[in-house]
Chemist: 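Quick one: this structure, given as C-alpha cells, is what I'll be asking you about.
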Amino acid sequence: CMEFGIEAETKDFMVERNGKRFIDLTKILPERLPSGKLILWKQIDEEKIEIFVDKHSAPGGNPKPIRIKRFVEINEDLFTLFGLWFGDGNRIRGGNWKAFGFANTEIELHKLFLSLCKKCLFIDPHQFFCAISVPLDFNGSIKELEEQVSRELKIPLGNFWKTIVNERRNLVHIDTRINSRLLSFSMKILLEKLQKLALEEKRFSKSMLQGIIASEANVHVRSDSGRLGEISVAVEGEIKRNFVRNLFLNLGIKPSKDKTIEHQEAVLIHGLTNFKKVKEWNLIALHPKKLKDFERGLEGFKKEEFRKGEAKLLILKSLSKSSKNVSELAKELGRAWRSIVDHLWVLEDLELVGRKRVGRKVFWFITERGKEMLEEKDVLEKLRIGLPRKNG
C-alpha cells in the first residue's frame, strides 16, 4: 500500500528546464520489484524510456516492458491524475496486483484519466483494456454500449473484455486498465515522491483534491431542507486519511472528526464556511453530477450558518482587529443582532471579551485571555463548549 506518512526528499530526482520542474523517472526507480526482479531501463528517444526487468535476476514470470515519458512535468495535471488514481485507481496491493488504471461509473472521469495519462506520461488510450459491468435491470444493447464506450474513450473494441451483468451494480461500471505490474509499481513510487509537494503547494493540494473528490466523495444534500449537509471522502486507513485531511487544511478547510467505521472510513467536511471554501477552490469541478448536487445544496442555505463554536471564533477574530458594537458585528458576520448578543455573553463568561460604554453605545473588545485563545492550536474545539451566561 502507499505510505503517505513518509516525507519524500525531492531534490535528487528533480530537474529544471525553462523554469519548469520535472521528475526524472530513472532517478526514482528502485533497484528491484517486490518479487526480486532487477529493474533496468534504456532510452528510446529524446522523450521516452523503456523500463524492463532482468529475466534471470529472480525466479518467476517476467512482466512486460513498458514505454513511458522519462521526464514527467510536475504540474496541476499530474496531481489531478494521481488524485483520480488515489481514489478509484487500480494499483498494487501487497505486491500482487498487476494493473494500472481507473474504475468508475462516470465516463467523463475515464476520459479525463486517459487524457491525463497521455499528456503527463505518454501512455495512449489504445494501450488500455476495458471491462464493463451492467446492473440487472439494464435493458439496452450491450454491443451499442461497448461501441459507445470505445468511441468516447478511444480504446479499440478488440481491447474489451466480455461485458458482464453484476447484481451489485445499480449503474453501468467501467474499468480501464493496463495489465502491468511494472507500470503500477512505477506509478506507486512516483506518487510517493509527489506527496510532500502536494502538501507544500496549494495549487497541487487543490488539483489532487479535485481528483480525489471526483472519484471518491459523496455530496449529501438533506432531503428535508435541501441544504448541503456533508461532503464525505471515502478513505481507508488512518495514514491516508491524515494525508487527505492535510490537503484540506492546506486550503483552509477544516475537516470534522473522521468516520472510522470499518469499510465506511471517511474524511468529513461540514459547515457553510467550509463549503464556501470548497466552492472557492473549485474542488467539485470534475464530476458533473456531484457539482450539480453541491451547487443545489449551497442554494438551500437561506442564511449564514456556522459550525458549533465557529461564530464565537469569528467574533474573536473581528474584535482582535478593533472594538465594535453589536450592530457592527452583526453586519460584518451576516448574523441576527440577537444571535451576536448570545455569543458575546458566552464569550464574556469565558473572560475572552469585555465591554465598555462610549457615550450611549456599548463597544465590545477582546481581552488578553481572548488574544491568547486565538493563538491556541485547538481554539475551535475549545470554543465548542458553552458556559451559562452571568446573572445580572
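All residue numbers refer to positions in the sequence shown, counting from 1.
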Chemist: Check this for me: Lys279, atom NZ, are more than 12 non-hydrogen atoms of other residues, nucleotides or ligands nearer than 6.0 Å?
Modeler: no
Chemist: Is NZ or CZ of Arg17 both nearer than 6.0 Å to the six-membered ring centre of Phe22 and within 45° of the ring axis?
Modeler: yes
Chemist: Distance only, no hydrogens: is a donor on one side chain within 3.5 Å (strictly under) of an acceptor on the other, for Ser322 and Lys324?
Modeler: yes
Chemist: Centre of Phe71's six-membered ring, under 6.0 Å away, within 45 degrees of the axis: is that where NZ or CZ of Lys20 sits?
Modeler: no
Chemist: Indicate whether the side chain of Gln148 and that of Glu152 have a donor and an acceptor atom separated by less than 3.5 Å.
Modeler: yes
Chemist: Can you tell me if Lys154 has over 12 outside heavy atoms packed within less than 6.0 Å of its NZ?
Modeler: no
Chemist: Would you say Glu332 and Ser318 are linked by a side-chain donor-acceptor pair, where the criterion is simply a distance under 3.5 Å?
Modeler: yes
Chemist: Salt-bridge test for Glu16 and Arg21: reply yes if a basic N is under 4.0 Å from a carboxylate O, no otherwise.
Modeler: no
Chemist: I'd like to know if the side chain of Thr105 pairs up with that of His173 as donor and acceptor (distance under 3.5 Å, no hydrogens or angles considered).
Modeler: no
Chemist: Side chains of Lys254 and Asn274 only: does a donor on one sit below 3.5 Å from an acceptor on the other?
Modeler: no
Chemist: Please determine if Lys188 and Glu192 form a salt bridge, counting it only when a charged side-chain N lies under 4.0 Å from a carboxylate O.
Modeler: yes
Chemist: Would you please indicate yes or no on a ring centroid separation below 6.0 angstrom for Phe102 and Trp85?
Modeler: no
Chemist: Quick test of your reading of the model: are Lys111 and Glu108 salt-bridged, counting only N-O distances below 4.0 Å?
Modeler: yes
Chemist: Return the CG to NE2 distance between Leu153 and His110, rounded to the nearest 0.5 Å.
Modeler: 7.0 Å
Chemist: Would you mind reporting whether Val346 and Asp342 have side-chain heavy atoms less than 4.5 Å apart?
Modeler: no
Chemist: Is it true that Glu351 and Thr367 share a donor-acceptor pair across their side chains at a distance under 3.5 Å?
Modeler: no
Chemist: Do we see a donor-acceptor contact under 3.5 Å between the side chains of Asp24 and Thr26?
Modeler: yes
Chemist: Do we get Lys356 above Phe363's six-membered ring, with its NZ or CZ under 6.0 Å from the centre and within 45° of the axis?
Modeler: no
Chemist: What distance do Leu183 atom CG and Ile66 atom CD1 have between them, rounded to the nearest 0.5 Å?
Modeler: 4.5 Å
Chemist: Please determine which of Glu47, Gln43, Glu46 meets the side-chain hydrogen bond (donor to acceptor under 3.5 Å, both in side chains) test together with Arg70.
Modeler: Gln43
Chemist: Just checking, is any N or O donor in the side chain of Ser133 or Asn166 under 3.5 Å from an acceptor N or O on the other one?
Modeler: no
Chemist: Salt bridge between Arg355 and Glu348, side-chain N to carboxylate O under 4.0 Å?
Modeler: yes
